[in-house]
Structure formats: C-alpha cells, structure tokens
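All chains are named by letter (A, B, ...) in the order of the sequence lines, taking the proteins before the strands, and each is independently numbered beginning at 1. Keep in mind it's a predicted model, so treat the numbers as computed, not measured.
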There are 4 protein chains.
Amino acid sequence: MTILLAYYYGGLMPKIVNKEERRREIALSCSDLIHEVGIKKLTVSQAAKTAGIGKGTIYEYFENKEDIIFEIINIHIDKYHEEFEKNIQKEKTTRDKVLHFFKFAIDDSEENMKHFDGFKEYLSIVLSEENEQMLNFNCSCSSFFQVQLTKILQEGINKGELKNEAIDLVEVIMVYERGLSITKMTQNDADIKVLCKKFIDSLFELVEIKKD
Amino acid sequence: MTILLAYYYGGLMPKIVNKEERRREIALSCSDLIHEVGIKKLTVSQAAKTAGIGKGTIYEYFENKEDIIFEIINIHIDKYHEEFEKNIQKEKTTRDKVLHFFKFAIDDSEENMKHFDGFKEYLSIVLSEENEQMLNFNCSCSSFFQVQLTKILQEGINKGELKNEAIDLVEVIMVYERGLSITKMTQNDADIKVLCKKFIDSLFELVEIKKD
Amino acid sequence: MTILLAYYYGGLMPKIVNKEERRREIALSCSDLIHEVGIKKLTVSQAAKTAGIGKGTIYEYFENKEDIIFEIINIHIDKYHEEFEKNIQKEKTTRDKVLHFFKFAIDDSEENMKHFDGFKEYLSIVLSEENEQMLNFNCSCSSFFQVQLTKILQEGINKGELKNEAIDLVEVIMVYERGLSITKMTQNDADIKVLCKKFIDSLFELVEIKKD
Amino acid sequence: MTILLAYYYGGLMPKIVNKEERRREIALSCSDLIHEVGIKKLTVSQAAKTAGIGKGTIYEYFENKEDIIFEIINIHIDKYHEEFEKNIQKEKTTRDKVLHFFKFAIDDSEENMKHFDGFKEYLSIVLSEENEQMLNFNCSCSSFFQVQLTKILQEGINKGELKNEAIDLVEVIMVYERGLSITKMTQNDADIKVLCKKFIDSLFELVEIKKD
DNA sequence: TATGAATGAGCATTCATTCAT
DNA sequence: CATGAATGAATGCTCATTCAT
C-alpha cells in the first residue's frame, strides 16, 4: 500500500483487522517467550515488547494477563495436538499406538521436555487458581485425547485384536497417563518407562484377544 | 525449678524453651489459617498474629516464610498419616483395604475435602517452584503410602487371596491413585468413583486368585 | 563451693568483677570478629556468642552496640599506638622517622591493610553519625600522633638538622597524612608513595638546614 | 505536534517524555530533601511524595534507590562545579586563586556548609560501601579540580610568578585539600583557616619566584 | 548477676492495569 | 486505534534492645 493509498483510504479502511486474528498473531509472536521466562514470570511489558506493540495495545486484544497466557497456551496445545495426530498414524500396531499415547510422559527429548515443563507450569496455575476458564479448557483438551484413544481402541477391537471391554478402559488409561505425568513431575526417582510398561502389559493381558 | 538447676545457673533461671517444640506449637496454632487463606496468600504478619506472637518471634523459630508453611504442612500430613494407619486397619478384606487406599481421591466429605484442597494447593507449589525441600518431602510422603500398600498386598498374597505378581503392581496402583487425584482436581465432569471401581475391578481380575 | 556455702555466701560474695576489666575482656574476645564481618555488619548476637556470654549480658557491660564497637576499636588503636612507638624508635634519621609517620597510608602489607580497612570503615561511621563520643575519641587519637611527630621534629631541631620553624608544620604534616589516607581510600589510581615522597621532599627543602 | 508526527502515528499521540530530562526533573525536586533528611535516611516514598509522583513512577526513571541518590548528588556537584568555575575567575592573583581552591574546606557560610555536610555524608557512603559507581564518580570529580588547579598554576608560571616545578605539586595540593576537609569533618578543635594559610605560605615559599 | 525469648518498626521493589493524549 | 506514562498496594525480613525469670 503506497502512502497515497493510505492517505485516501485512511478513513475508509479502518484496519478492520479481525480481532481474533490479531489476538492470535500477538500471542504467536510471544509463543517462545513463555518457554524462556516461564508462564508466571511473563510480564505484560515483555509480551508487548516482543510483539512489537505498546503495552496499552495488549489490552485492546486481551482482557488481562491471564488472557494472554491462555491464548499462548492454546497455540501450544493446538500445535501439540496437530503433531500428535500426525505421529499416531505412523504407529502400526495397536499396542504401539497406545504406547505412543504415553509419549508425553515418557519422552525425555529436549523438544518434548519443553512441552512437558510448560505443561507442568500450566498445571500449577490450574491447581492454584480458581480459574474457571483454564479449568474448562483443560477438560476440552482431555476430550481430544479421549477421542483419539477411543479411536485407537475401537480400531483394535474392529481388527479383532482387542476384546469389546477394552473400550470401557479408555478413561482408566487416561487417568493413568495423568498419574504418570504427575509422577514424573513430583517423584525424582521414579522410572516412568517401567511404570508405563507394567501398565500396558497388564492392560493388554486383560483386553487382548490371545491367539494361539 | 530444681535446686540443682538453680545452683547450676547460680542465679535466676532464664526461660528456656524447647525450640523444636515451640516451633511445632506456633505452626499448630496457624494450622487452620492455611485452610482459610491458602498457602500462597498466607503472610508472616497473619501467622504471627494468629499465633499471638510478634513478627520477629516467628523468625526465632523459622528460617523464612516457606519454613513456616513447611512445618504446617508437615503437621497436616502427619495427622493424615496417623489417621490413615488407624483407619486402614478397620477394613477387613484386601479389596476394601485397597479401596481405602483411594479414599483420599474419592471421599467428598468436608473433612477429606479440606485435606484434598490443601494438598491441591501444596501440589501447585511443588509444581511451580524449584523447591528442592518440598520436592524431597513429597517423595518421602509417597514412601509412606508405598509401604502401606505393599503391606496390604503382601497380606493378601500371604492369605492366598492374591497372586505373587500383585506385589509388582504396587507402584502402578500408586501412579493410578495420583492420576485419580489430579483428575479430580482438573476434570470437573469426571466420575472419580467409577474410575476407581473400574481400575480396582481390572486389577483384581488380574491378580486375584479365583476360587471356584 | 557446696550448696550450703552458696547459700551462706550468696549475698556476701557478689562476684565483684571489675566492670571495666570484664568490659575489656569481652571486647578483646570480639577483637578479630570485627575484621571478619566488618563494623557495620557486627551484630550483638554475634558478639555475645563470640564472647561466650548471653546477649543480655552484653548490656550489663555496654550501653549499646556502638559502645561495644567503641571498645573494640579502642583496643585496636591502643595496639597500633604501642606498635607505632616501638617502630618509630627503630628509624634512625629524622627523615625516616617522618616517613614512618606516613607508613599507615603507604604500607600495602596485609597486616597494615587490615588496620587501614578497619579505619576506613570506622571513619565512615564517624562521618555518617553524629556520634560525639567517637568524634572526641578521634581527636584524642590525633593528639597521640601530634605528640609523636612533635617529638620527632623537636629532636631534629635539637640535632641541628631542622630549622626552628619546622615545629610550626606539625599540624600541616598531619593534615597531609589524613589527605593521603583519604586519597588512598577514594582515588583508585592515585600513587600514594609518589605523593608522599613529593610532600616530604618539599617539606625538607623548606625546613632542613643544608650543610655545605 | 507536527503534522508529520501526527501522520506517523496515524492517530492520537501518546505523551512522550524525555526520560533523561524527566529523571533530572524528579531528582531536582528532591534536591533539597537530601539535605533535610540525609542521604542514608532518604526513603523512596519520601522522594516520590516530594516529587509529587507515585512511588512506582520513581522506578520508571531510576533503577533503584541508589540511582536516585546518585542523580541528586550529580546535580549538586554539577552546580558546585559551575559555581566554582565562575568564582575562580573573579580571583585576581594566583595566590587568591589557589586559596579559593580551598574555599570548600574553609568557608563556614551556611550555603557552603550545606554543600560540605552533604559531601561528608556522601563520603561516608563511598567509604562504607563497595559502590564502584560512586567510587568511580568520585575519581571523575577529582579530575575536574585537578584540571582547574593545573590551569591556575600554569597561568602563574606563564606570568612568571611561579617556578616550573609548581606544576609538580598539583596533586600534593589536592591531597592537602582532602586532608583539610577530612580534618574539618573529624577534628572539632582544628583551625582550618590557619592550617590552610600555613600550607599556602609554605607552598609559595617553595614555588614563588621572588622579585626583589 | 545472667540470660535469651520476645519484640516490631521500618523499607525497597514489582507489575498489572488505566487513561489522557 | 495505539500508546506508554503513571500508579500504589502489598510483603518478607533484620536486629538492637528489653525484661521476666
């Protein structure tokens, strides 16, 4: 857009940027910031500077600081979900797919730990505050994984690998996954992989249709 | 004051307090305060006022604010452990004993919820800070329950109710218990009791010696 | 002493320790402490512990914290004066004796720097507070050196080395010594030795009786 | 607001303040405060109130409390230097100019004593803390006077009043000036004027070219 | 005489949010 | 729409001194 155009259209084109879009844009530019300084330590000033806008402008698009954080976390989780769906398809067997489901708690790679530590901090906030919004959001996240897991198990059942009862254990598996994550966060000496293997072995002992 | 002591001091005897005991005493008097205002919101001034002593006196017995909180939490946990040991003995069958093990996550009574909410806040702190002390303490708490659970299962094995492999699942059970707690904390719509029942049923299906 | 004797003599033998002596004793035991932690950082608790007595007992012998510091500094200065008198006699020529007078500001040996840094901190307090006592004490210290210096110069005059006017410059020399000390304390790049030499050379050019 | 700027911002112009200028402004308004309560006793609250701004605003312009003090002292010293340069020119003879150089230590006028007492407190801080910033600043202040004094003496040499060696004594004179100041600060009974006169007389006896 | 438990005033600093421009 | 200057509440900790015993 040339200066002339800007001048002519200045009033006619009141930058009707889609608020929601701009919101996303700002949050996106701060996406890495949250890993660097941590959720709690993130200041509005930092966010504004990183997004290259004024502090006051932040409040044009976000209710408050929590709202910013919320949007950033949303982005992270969206990314994670996307990746998850992509990767889960690469796993061949049902057992591997279920195992992949525990990857978040098991994988010690730098990349995953960044997500994991971020989630840890996020969880800390969810636990400490009476933030309805975050709590609800948290539930919706669970739904995503519940759907995924249900799909995996159903496929196993359809393929004749698993008993029908397997589907009843979807939530049990999810609870265990949460247990594993929290164990990793709070028990220094726990061997997460072993704990995961034991569970999956037991699980499949229960629901697998043995062929002999 | 005995004559001997009087002789020893050769004069009036200064008040000597058992530091450790007084520490406990002060923490005890603030015990409820932490439920009212929350761990994070607790101020040293509040604690001093509640204990009926001066702010400076607090620092005669505690290193810093965290130290106060730590002691209070200690008291709560000690109490809980005591009660737990008392109650677990009342349960007759192995299944009931294991079920009792999940009581913390299931019981919605006001009394238990006070403990549960307190633990939730405590957990939030453990997750947010790099507080070595609390993290270590947390591990030691787990040990207590691990010992208890091991005892329960071993008795079941000894009585011929459970297979020997049951003992291998101690940690798996504990992970699940953590998962249930965190689920209760973060998933509004989860039916903890059902999730517990499903797990225990599956567990016993695996490790119970069926008599027919 | 048996209990009986303690009873009988309890009132008659009131441990008439010489207050002044005990005061000195306590301060003496804290003498090194002040070099370790610094004057300002010294706490009454530390002093009491170091002296092996109770905190309250300190106040039996000292008015307040400053009073303790005052006594400790007294000890240090007494020691320094003693040493000074001993060492000044070792110098042969009048010029060397005057030079020795500037030793405090020039000598970079660890031992002297301990004294120097202590004095620096002491000076800081004298300058900041309206402590009459310390200020007066400070004056009396100057007197000591003034007497010493006067003696040195008078001897020089008597030996026919210096003109009679030399004695008029006693205070000027002392002012310059103070100037050198403060220069060392506050001017990082100053070459104290050179500044000292220039002054003494000029001084002797003025007051020395040249023999040719 | 120029049209260009309005165009640039494309909207209402936010208030832009010259940070450095406002900093100076705030410090200036607290300038007298430091004489009233003393450097050490100055609280940020006081400073804010005196400047008529909020406590938080202080921290928009100053790193910390020390930074405020530093700026205030800077102002005082700048003023003093300015005055000094103005006044030194009024003195006609070289001797008077040198004498003027000692004015800070000699002048007992209320105005000068305000400066002198301020410097005394400032010196106390320089001596007590390991405040690099202040120490360095102190050195730079010395430079100013060294330059002034060198100019004075050089003019005296050029006019044929002083010997060339006079220039070698610049630092000696400065050391003596410091000595005089500290003497005034710590020796109640010292007659600063006499001490000054004696020194200047001796000095000129050494470096003045006698005409007869 | 000796003690040490109790005290509490005093203070720098952060940062989310507002609002005049 | 955009800005960034202004705000002020809120809190942990130290340590000299007192005084009951």
**Q** Among E:dC15, E:dT3, F:dT17, which is the nearest nucleotide to the side chain of C:Glu60?
**A** E:dT3
**Q** Please determine whether a side-chain nitrogen or oxygen atom of A:Arg22 lies at a distance below 4.0 Å from atom OP1 or OP2 of F:dC1.
**A** no
**Q** Of D:Asn64 and B:Gly54, whose closest DNA chain E nucleotide lies nearer the 5' terminus?
**A** B:Gly54
**Q** Are A:Phe62 and A:Ile26 close enough that some pair of their side-chain heavy atoms sits under 4.5 Å apart?
**A** yes
**Q** Under a 3.5 Å cut-off for both distances, is F:dT14 Watson-Crick or wobble paired, and to whom?
**A** E:dA9
**Q** Out of C:Ile53, C:Asp67, C:Asn64, which one pairs with C:Ile58 under the side chain to side chain contact (heavy atoms under 4.5 Å, CB included) rule?
**A** C:Ile53
**Q** What is the separation between atom CD1 on B:Ile68 and atom C1' on F:dC13, rounded to the nearest whole Å?
**A** 11 Å
**Q** C:Ile58 has an atom CD1; how far is it from atom C1' of E:dT1, in whole Å?
**A** 14 Å
**Q** Pick the closest DNA chain F nucleotide for D:Thr57 and for C:Lys41 by heavy atoms, then say which residue is nearer the 5' end.
**A** D:Thr57
**Q** For C:Gly56 and B:Gly52, take the nucleotide of DNA chain E holding the closest heavy atom to each; which residue's nucleotide lies nearer the 5' end?
**A** C:Gly56
**Q** Between atom CZ in C:Phe62 and atom P in F:dC15, what is the gap in whole Å?
**A** 19 Å
**Q** In terms of the nearest nucleotide of DNA chain F, which residue is placed more toward the 5' end: C:Tyr59 or D:Lys55?
**A** D:Lys55
**Q** Applying a 3.5 Å limit to both distances, which nucleotide forms a Watson-Crick or G-U wobble pair with F:dT21?
**A** E:dA2
**Q** Can you measure D:Arg23 atom CZ to F:dA6 atom P for me and round it to whole angstrom units?
**A** 14 Å
**Q** Just compare E:dT3, E:dA16, F:dA6 and give me whichever is closest to any side-chain atom of C:Ile53.
**A** E:dT3
**Q** Using whole Å, report how far CG of C:Leu42 lies from C1' of F:dT14.
**A** 14 Å
**Q** For the pair made of NZ in B:Lys19 and P in E:dA6, what is the distance, rounded to whole Å?
**A** 8 Å
**Q** Which heavy-atom pair separates A:Cys30 from A:Ala47 by the least distance, and what is that distance?
**A** SG-O, 3.4 Å
**Q** Once rounded to the nearest 0.5 Å, what's the spacing between atom OG of D:Ser31 and atom CD of D:Glu71?
**A** 11.0 Å
**Q** Please give, in whole Å, the distance from F:dT14 P to C:Lys65 NZ?
**A** 14 Å
**Q** Provide, to the nearest angstrom, the distance between the CG atom belonging to D:Asn18 and the P atom belonging to F:dG4.
**A** 15 Å
**Q** On a heavy-atom basis, which atom in C:Asn18 and which in C:Glu20 lie closest, and how many Å separate them?
**A** OD1-N, 2.9 Å
**Q** Between B:Tyr61 and E:dA5, is there a contact of a side-chain N or O with OP1 or OP2 at under 4.0 Å?
**A** no
**Q** For the side chain of B:Thr43, starting at C-beta, report the closest nucleotide among F:dT11, F:dA2, E:dA12.
**A** F:dT11
